[in-house]
Engineer: 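Please see the structure below; I have some questions.
To find a chain, count down the sequence lines: A is the first, B the second, and so on, and within it residues start at 1.
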2 protein chains.
Amino acid sequence: MPNPSSTNARDHAKLIQAQDQFVASWGRMGSVWGISRTMAEVHALLYITGEPMCTDQIMDRLGVSRGNVSMSVRALLDWSVIEKVRLPSDRKEYYQAELDVWSMLRAIARERIKREVDPMLDALDEIAQLAPEVKSSDTQEARDLKQRIDAVREGFELITTLTHKFAGPSGAGLKTAAKLLAKAPVGSKRPTRTHSAKKRTKKNGGQA
Amino acid sequence: MPNPSSTNARDHAKLIQAQDQFVASWGRMGSVWGISRTMAEVHALLYITGEPMCTDQIMDRLGVSRGNVSMSVRALLDWSVIEKVRLPSDRKEYYQAELDVWSMLRAIARERIKREVDPMLDALDEIAQLAPEVKSSDTQEARDLKQRIDAVREGFELITTLTHKFAGPSGAGLKTAAKLLAKAPVGSKRPTRTHSAKKRTKKNGGQA
DNA sequence: GTGGGATTTCAGAGTTTTTTGAAATGACTG
DNA sequence: CAGTCATTTCAAAAAACTCTGAAATCCCAC
C-alpha cells in the first residue's frame, strides 16, 4: 500500500484489526449459543463492517470454505438477521446484515426459544398424556409428579409468551422490555407465596 | 417403597415411564443449553422424583458410568440446584434437587450469562482499546465501527444488569420479572392475538 | 438451447465434547 | 490403623459436531 497519508494507513490497519477481533469473539461465543463458529463469524463480519459482501469476500476474509459460507449464509437468512442485496454492477449475490443490534438480539432470543423451549413444551404435553391416568389411585407420588410437570410447563409457557410478546417478528420491544425491568423496583425478598398463575394453558398447535 | 396392589402396579409403571420421558427430554435439551446430556438427566431425575438418591441409584436408573455421575453431581452442586443429604441409615451421600422450578431457571440464566455474556463484554472492552485511536482521522468507517461496538456493548450490559438483578443469587425474582413484563402494555401494539396460534413444531431454522 | 459462472449439497475428514472405567484418593468403623 | 466402601480423577475411547472440497445443480445472458 502506498502512503497517501501515513496516519490514515495506520488507522486503517487498526480498524481491520478491531473488526477481526470482534469477529473472533463473536465466533467464539457462537459455539456457546448453539450456533456454529462460522455462522457466528459470518454474521459478525457483516454486522461490524456494515458492507454488503459476496461469498468470495467472506471466504477470503474468514478463511473458510465456500460450502461452509453457503450454509452459514443460508441459516442467517432463515433467521432473518441478514438479507440478500443485488448490486447492479455484479451478478453475484451480496449479503448485508441487519444493523440494529436489538433486532439481532431479538433474533437470537427468538431462535433459541424455538429450538429449546418449544420442543420441551411439546414433550411436556406428551408426558402429560401419560401422567393423568393416575388420577383414580392417586398416590402422593402421582400427584407430585403431575404437580412438578405442571410447574415446569407453566414456567416455560410464561417464557414463551414473553418472548413472543417482546422478541417476536413484530418486534416491538426487547429494548422496551429491558428498560421496563431496569427501572422497576426489584421487590425486596418478600416471599409472595402465591402460586397464582393458573392453568392458562395456551396450548399452541403442539403434538397430541 | 411403594406398595403396589395390582391396579397400582399398572399406574406405577406409567409413572415411571412418564418420569423417564421427562428425564429424556430434559437431557436432550441439555445439549442445547451447553450442559452435558448426563448432567441434565441427573438433574431431571432428581427434580422429577423429588427423592434423595445416591450415586448407585442414579447410575442404575440412567445407565451411565460412576465417573460421569460423580462429575455431573459435582457440577449441579456448584450451580446449587441440588444439595447433599445425609440419611442416618446409610453411609452414602444422597442428593436431592431444589424443588422450586424458578430457582432452577434462575440458575440456568445465571450460568449462561456467566459463560456467554460476560466473556463477550470483556472482549468488547479489549476491542474498544483498539478502536478509539481512530479518532483524529475519523473516516466514516471508523466512526461506524465505534458506534456499532458501543451498540453491542450497551445491549449486553443491559442484559447483564438485568440478570444480576432478577436472577442473581439473592434471587428475588425471575418470576417477578416475568410477571412484570406479562402485564406491561407492549409499546403501541394492542395485545391482540394476531399471531398467537403459531405452529410450535417447526423445523429448526436451517442450522447446519 | 448453450456456456460459464454462482450456489448448493453432502460424504468423508477433522475437531471438539462427552463418557467410560479403572486406579487413586478419601472417609468412616471396628 | 487396617479394612471396607464411597468418591474423585483422568487418560483414552466413543460420540457429536463442524468443516471441506469437489461434483451436481441452478441461473442468467447471449
Side-chain angles (χ1 to χ4, degrees), chain A residues 23-24 26-46 52-78 82-96 115-116, chain B residues 23-24 26-45 52-78 82-96 111 115-116 203-208:
Chain A
V23 168
W26 202 258
R28 220 169 298 123
M29 203 162 161
S31 39
V32 141
W33 292 341
I35 290 171
S36 87
R37 199 191 89 241
T38 306
M39 179 173 163
E41 284 184 355
V42 171
H43 179 231
L45 180 61
L46 294 175
M53 296 179 89
C54 67
T55 308
D56 294 80
Q57 291 175 298
I58 297 170
M59 280 172 63
D60 291 350
R61 183 82 184 262
L62 300 182
V64 298
S65 73
R66 185 175 300 284
N68 201 354
V69 170
S70 172
M71 290 190 298
S72 299
V73 156
R74 161 88 84 106
L76 290 168
L77 287 168
D78 285 347
I82 68 174
E83 56 185 13
K84 285 190 183 174
V85 186
R86 225 68 218 253
L87 292 201
S89 54
D90 199 329
R91 187 162 146 199
K92 295 195 203 59
E93 298 279 8
Y94 280 69
Y95 306 97
Q96 180 159 231
R115 298 203 293 154
E116 299 172 23
Chain B
V23 167
W26 203 257
R28 221 170 296 124
M29 203 159 159
S31 39
V32 141
W33 291 341
I35 291 171
S36 86
R37 198 190 92 243
T38 306
M39 180 173 160
E41 284 184 354
V42 170
H43 179 232
L45 180 60
M53 296 178 89
C54 67
T55 307
D56 294 81
Q57 291 175 299
I58 298 171
M59 281 172 63
D60 290 351
R61 184 81 183 259
L62 299 181
V64 298
S65 73
R66 184 175 301 283
N68 201 354
V69 170
S70 172
M71 291 190 299
S72 298
V73 156
R74 161 88 83 107
L76 290 168
L77 288 168
D78 285 348
I82 69 174
E83 57 184 14
K84 284 190 182 174
V85 187
R86 224 71 219 254
L87 294 200
S89 54
D90 199 330
R91 188 161 145 197
K92 297 194 203 56
E93 298 279 7
Y94 281 70
Y95 306 96
Q96 180 160 232
E111 289 297 324
R115 299 201 294 156
E116 300 172 22
K203 274 297 287 178
N204 144 2
Q207 148 71 10

Engineer: Determine the minimum heavy-atom distance between Leu77(A) and Ile82(A), stating which atoms define it.
Structural biologist: CD2-O, 3.5 Å
Engineer: Please find the pair of heavy atoms, one from Gly27(A) and one from Glu41(A), that lie closest to each other, and give the distance.
Structural biologist: CA-CG, 3.7 Å
Engineer: Taking Arg28(A) for the side chain and Arg37(A) for the main chain, is one N or O donor matched with an acceptor at less than 3.5 Å?
Structural biologist: no
Engineer: Measure the CE-OH distance between Met53(B) and Tyr95(B) for me, rounded to the nearest 0.5 Å.
Structural biologist: 12.5 Å
Engineer: When you check the phosphate oxygens OP1 and OP2 of dC19(D), does a side-chain N or O of Ser65(A) lie under 4.0 Å from one of them?
Structural biologist: no
Engineer: Starting at CE of Met39(B) and ending at C1' of dA16(D), how long is that distance when rounded to a whole Å?
Structural biologist: 19 Å
Engineer: For Arg37(A) and dG14(C), what is the distance between atoms CZ and P respectively, to the nearest whole Å?
Structural biologist: 16 Å
Engineer: Figure out the CE/P separation between Met29(B) and dA16(D), and round it to whole Å.
Structural biologist: 19 Å
Engineer: Hey, does the side chain of Ser36(A) come within less than 4.0 Å of dC19(D)'s phosphate (OP1/OP2), counting only N and O?
Structural biologist: yes
Engineer: At under 4.0 Å between heavy atoms, which parts of nucleotides 1-10 of chain D does protein reach? Answer with one letter per nucleotide, 5' to 3': B base, S sugar-phosphate only, - none.
Structural biologist: ---BBSBBBB
Engineer: Starting at CD1 of Ile35(A) and ending at P of dC19(D), how long is that distance when rounded to a whole Å?
Structural biologist: 12 Å
Engineer: When the distance from CD1 of Ile58(A) to P of dT8(C) is rounded to whole Å, what number comes out?
Structural biologist: 11 Å
Engineer: Determine which pairs satisfy salt bridge (Lys or Arg N to Asp or Glu O under 4.0 Å) with at least one residue from residues 58-75 of chain B, sequence neighbours left out, and list them in order.
Structural biologist: Asp20(B)-Arg61(B), Asp56(B)-Arg66(B)
Engineer: As an exercise, state the distance from CE of Met39(A) to CG of Asn68(A), rounded to the nearest 0.5 Å.
Structural biologist: 11.5 Å
